[in-house]
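Here the structure is laid out as structure tokens; the discussion comes afterwards.
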Amino acid sequence: MPELFRAWFAGRGWAPRPHQLALLDAARAGESALLVAPTGGGKTLAGFLPSLVDLHAAPREGLHTLYVSPLKALAVDIARNLTAPVEEMGLPIRIETRTGDTPANRRARQRASPPNLLLTTPESLALLLTLDDAPALFAGLSAVVVDEIHALAGTKRGDQLALGMARLATLAPFARRVGLSATVAHPDPLRAYLSPTARPDDVRLVLGAGGAEPVLDLLLPEGRLPWGGHMGLASMPEVYRRIREANVTIVFVNTRAQAELCFQALWRMNDDNLPIGLHHGSLTVEQRRKVEAAMAAGKLRAVVATASLDLGIDWGAVDQVVQVGAPKGVSRLLQRIGRANHRLDEPSRAVLVPANRFEVIECTAARQAVAAQELDGEPPRPGGLDVLCQHILACAVGGPFLPDELYAEITRAAPYAALSRRDFDDALRFVEDGGYALRSYDRFRRLFRDAEGRVHVRSNAVARQLRMNLGTIVETPLLKVRLRGGPVLGEVEEWFVSTLTPGDCFIFAGQLLRFEGLDALACLVSRGGEGEPRVPAYAGSRMPLTTYLAARVRAILHDPKAWGALPAPVQEWLRLQRHASQMPPKDGLLVETFPRGGKWFLVAYCFEGRLAHQTLGMLVTKRMERLGMGPLGYLATDYVLVAWSAFEPTGVERLFEEDILGEELEEWIAESSMLRRSFRNIATIAGLIEKNHPGAEKSGRQMTMNADLIYDVLRKHEPDHILLRATRQEAAAGLTDVARIALLLKRAKAGGIVHRALPRVSPLAVPALIEEGREWVAGGAEDALLAEAAALVEEATEGAEHFAEVLAEVTDAIPARGDRDRARRPRDRDPKRARGFNKYVRHAPKGLTSPR
């Protein structure tokens, strides 16, 4: 490194780390590189260091390095942290951010006079590439840095970024690429994703040395450990004590509704008036920036946050992380743990707060995986055809193109390396005039070709509409929440507001609000209110359990020797399950059936995540209907699938045969509303349906009606339309999680399906039956609701307590050095022990014949 940089490192008491020097070496060789290094190891500085050295050696105007982040907050945070070394070394370097929150005057200035380092997001990059001066803006680009690359690859935002980088490679062919991540389970697919040729060998892999092992504690509530529920509110007193004893804490939760509830619970017990903040994606930009600035300045003792803060935010003063609820994935947990004590050589400290007994097992599995330094995550999937359609139109808005050249450029992006020419031509045809079924409608005619075959955008209006609708994030229709006579607090989903009547109160933005009514596209509220408040929930916000972590959970359940790592209440719960029924096998499938409330319940311990279980529930109930079992409904958790029916399920092996993914799946996909919902999202991304229009914004109801009409027209007149193919592709690979279902059914077939017919609910089934959120089979009986959760817990608890009492008596009845015969026959030995044994036999669940 130049002397100026060596002196700056030395002045801070640092020495350059080997992976930082390795990225300098790769840059000098003109090579792209993927850096995988632990949190706190200086990854961000390593990514920018070659650019800073280059600009120090040869200062110049214009854009030198483009930094792409998955989060706006991360881009802002990185800009703030980069400013310090640049100013301290006196480097003539301008650093700016450009996101959806950047004011218009600053965006105009950046086009006229680009900064040296521009920090942005995939959406803002896509927008920049549509500008007519994009070739001049990016002509001198030397480097593209992609932070938290694992969070982008394999997603639609990642597809958009990959296509954007392919376009940049055409505009700036000598620009190298750098990917940064702390949690990479599959490095070669990420190297291919980063490569300008879609080949992993063209990207150097740099591995950082491991840091100090994190310290992970398990925090349980002082009272009874909850059977079910996923909010973790019972542990908030213990969480508050942890906050009070620490300097700065980030309390991570898994959903925005959980963030609101946990924040309220902490605030109610905040007798010390500790400054505690709230941060999630539905709050306004101003509120989020205020919290971020307060944390960076050390003015907050804690912040309750969702995934909006779990990537890369570098607040060195944070000395502990609290994860409320199960982490759902090892890599995700490590990402969040890394926010605490952001230093490589000192351990990060985190506390796991499971919300129920199943989550205790999941948290234990996650702790073991972290100790074993094992990561999880799925390899990136092929790119989406809807994103491809949007990109083709964006390229035409940026300037005319020849189809052959654009196809060659697109296939240099890894997600589209295997894209067939037929799919490309069909996508281009759709963007051009809508395709065979829609070409007679002028509104779908957006491109035209000149005499040389070049493709042009038809009008400025088409370009304007594209820019207003650019992006791959399609949210459920949102309404702004505005204080009457005051500011906007954030956004909630339209469906939630439709359930409110004036006077209802709900919790949002950390406040108790009273619903006043609707004003245009805003939900008007006032502070305060009476009655039991509700909490806005957001569709699709729950994180599914990863395949790897699910396997670890099954292994713990299957092996009683592993139960020693679990708290006493959970061990007792599992022992009761083993005696009342049996434990789920590691590789097979346990299915329990029992009567309750005039219905029959079926509980399958699948452990494949909520998304897979929801689809499997549809398929299983459809087959139950065919077999005459009279299914009434089902529910899915991350751990189990529960279905209830009018008649006793028999021959349950038939419900989990591998052919269920054949005819039943096709029928369900054709009949269900899922395809329509999926088509609406795909049509919005592809540009067929506009969410935003100059001078107006469409409501969710209008968009749904338009999507349904077009969907029916295409199914009837052009069933092989590119968007229908994209819809089926997404339904099979994404929404339905068919791959995980196939693995489950294959595992069940190989390991065997065990059916236990029980006289009553088993201990392990209780958490599932009190879960919130149920999917109902069409035409089911109106009285198919489960019994009250409190009654269910009371029933299971009474049985558990009584069973534990009986087991204790039996244990007392067994001589310390006796053999099995003496244990089985206490009546021949001692009258007192005989009474204990007889009481056990009298009250033991049906089918148990031995006190073992």
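Predicted, not measured: the structure shown is a model, and the values here were computed from it.
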Set out, in order, the CA-CA distance, both residues' side-chain angles and the distance that settles side-chain hydrogen bond (donor to acceptor under 3.5 Å, both in side chains) for T593 and H755, then state yes or no. CA-CA 8 Å; T593 57; H755 176 208; 2.8 Å; yes

Verdict with supporting geometry, L655 and V591, side chain to side chain contact (heavy atoms under 4.5 Å, CB included): CA-CA 10 Å; L655 302 178; V591 180; over 6 Å; no

Do R256 and S282 pass the side-chain hydrogen bond (donor to acceptor under 3.5 Å, both in side chains) test, and can you show the C-alpha distance, the side-chain angles, and the key distance before you say yes or no? CA-CA 8 Å; R256 284 167 277 187; S282 292; 2.7 Å; yes

L219/V239 under side chain to side chain contact (heavy atoms under 4.5 Å, CB included): CA gap, chis, key distance, verdict: CA-CA 8 Å; L219 183 64; V239 172; 4.1 Å; yes

Is there a side chain to side chain contact (heavy atoms under 4.5 Å, CB included) between H280 and L283 once you walk through the steps? CA-CA 6 Å; H280 62 71; L283 301 178; 3.6 Å; yes

Should V766 and R357 be marked as a side chain to side chain contact (heavy atoms under 4.5 Å, CB included) after you check the CA-CA gap, both sets of side-chain angles, and the distance that decides it? CA-CA 10 Å; V766 171; R357 300 186 181 208; over 6 Å; no

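Taking all atoms of both residues into account, the shortest heavy-atom contact from P631 to T621 is CG-O, 3.3 Å. In terms of heavy atoms, I243 sits closest to A302 at CG2-CB, 3.7 Å. Taking each heavy atom of L278 and G510 in turn, the nearest pair found is CD2-N, 3.4 Å. In terms of heavy-atom proximity, P70 sits nearest to E148 at CG-CB, 3.9 Å. A pairwise comparison of heavy atoms in A151 and T155 identifies O-CG2, 3.8 Å as the closest pair. The two residues E657 and E653 come nearest to each other via the heavy atoms CG-O, 3.4 Å.
Remark: I741 CD1 to F656 CZ distance equals 11.0 Å, nearest 0.5 Å. Here the straight-line distance linking atom CG of L566 with atom CG of L574 works out to 6.5 Å at 0.5 Å rounding. Taken from CD in Q320 to OG1 in T249, the straight-line distance is 3.5 Å, to the nearest 0.5 Å. One finds the CZ atom of R610 at 9.0 Å from the CG atom of L635 (value rounded to the nearest 0.5 Å). With rounding to the nearest 0.5 angstrom, the CE atom of M629 is 12.0 Å from the CH2 atom of W600. Distance check: L641 CG to Y605 OH gives 11.5 Å after rounding to the nearest 0.5 Å.
Judged by distance alone, with hydrogens and angles left aside, the side-chain atoms of Q258 form a donor-acceptor pair with the main-chain N or O of M231 at under 3.5 Å. The closest donor-acceptor contact from the side chain of R554 to the backbone of P585 lies at 3.5 Å or more, if one exists at all. At distances below 3.5 Å, not a single donor-acceptor pair connects side-chain atoms of R756 with backbone N or O atoms of E592. The backbone N or O of G158 lies less than 3.5 Å from a partner atom in the side chain of Y193, making a donor-acceptor pair. Under a 3.5 Å cut-off, the side chain of E658 and the backbone N or O of K749 do not form any donor-acceptor pair. The backbone N or O of L216 sits less than 3.5 Å from a side-chain atom of R367, completing a donor-acceptor pair. No donor-acceptor distance shorter than 3.5 angstrom exists from the side chain of E238 to the backbone of P221, with no hydrogens or angles considered. Looking only at distances, a side-chain donor or acceptor of R332 sits under 3.5 Å from a matching main-chain atom of P327.
Heavy-atom contacts from other residues, nucleotides or ligands closer than 6.0 Å to CZ of R747 number more than 12.
Among L745, D638, L744, the single residue meeting the side-chain contact (heavy atoms from CB on, under 4.5 Å) criterion with E608 is L744.
Side-chain contact between C262 and L233: present, with at least one pair of heavy atoms (C-beta onward) separated by less than 4.5 Å. Counting heavy atoms from C-beta on, the side chains of Y634 and H613 never come closer than 4.5 Å. Between Q577 and L590 the shortest side-chain heavy-atom distance falls below 4.5 Å. No side-chain heavy atom of H558 sits less than 4.5 Å from a side-chain heavy atom of M583. Contact check for V570 versus W563: no side-chain heavy atoms found under the 4.5 Å cut-off. Considering only heavy atoms from C-beta on, F263 stays 4.5 Å or farther from V251 through its side chain. The shortest side-chain heavy-atom distance between V330 and V370 falls under the 4.5 Å cut-off. For the pair Q323 and F252, the minimum side-chain heavy-atom distance is below 4.5 Å.
Residues E730 and R381 are not paired through a salt bridge, judged by the lack of any N-O separation under 4.0 Å between the basic side chain and the carboxylate.
Classified by interplanar angle (parallel below 30°, tilted 30° to 60°, perpendicular above 60°), the ring pair W227/W573 is perpendicular.
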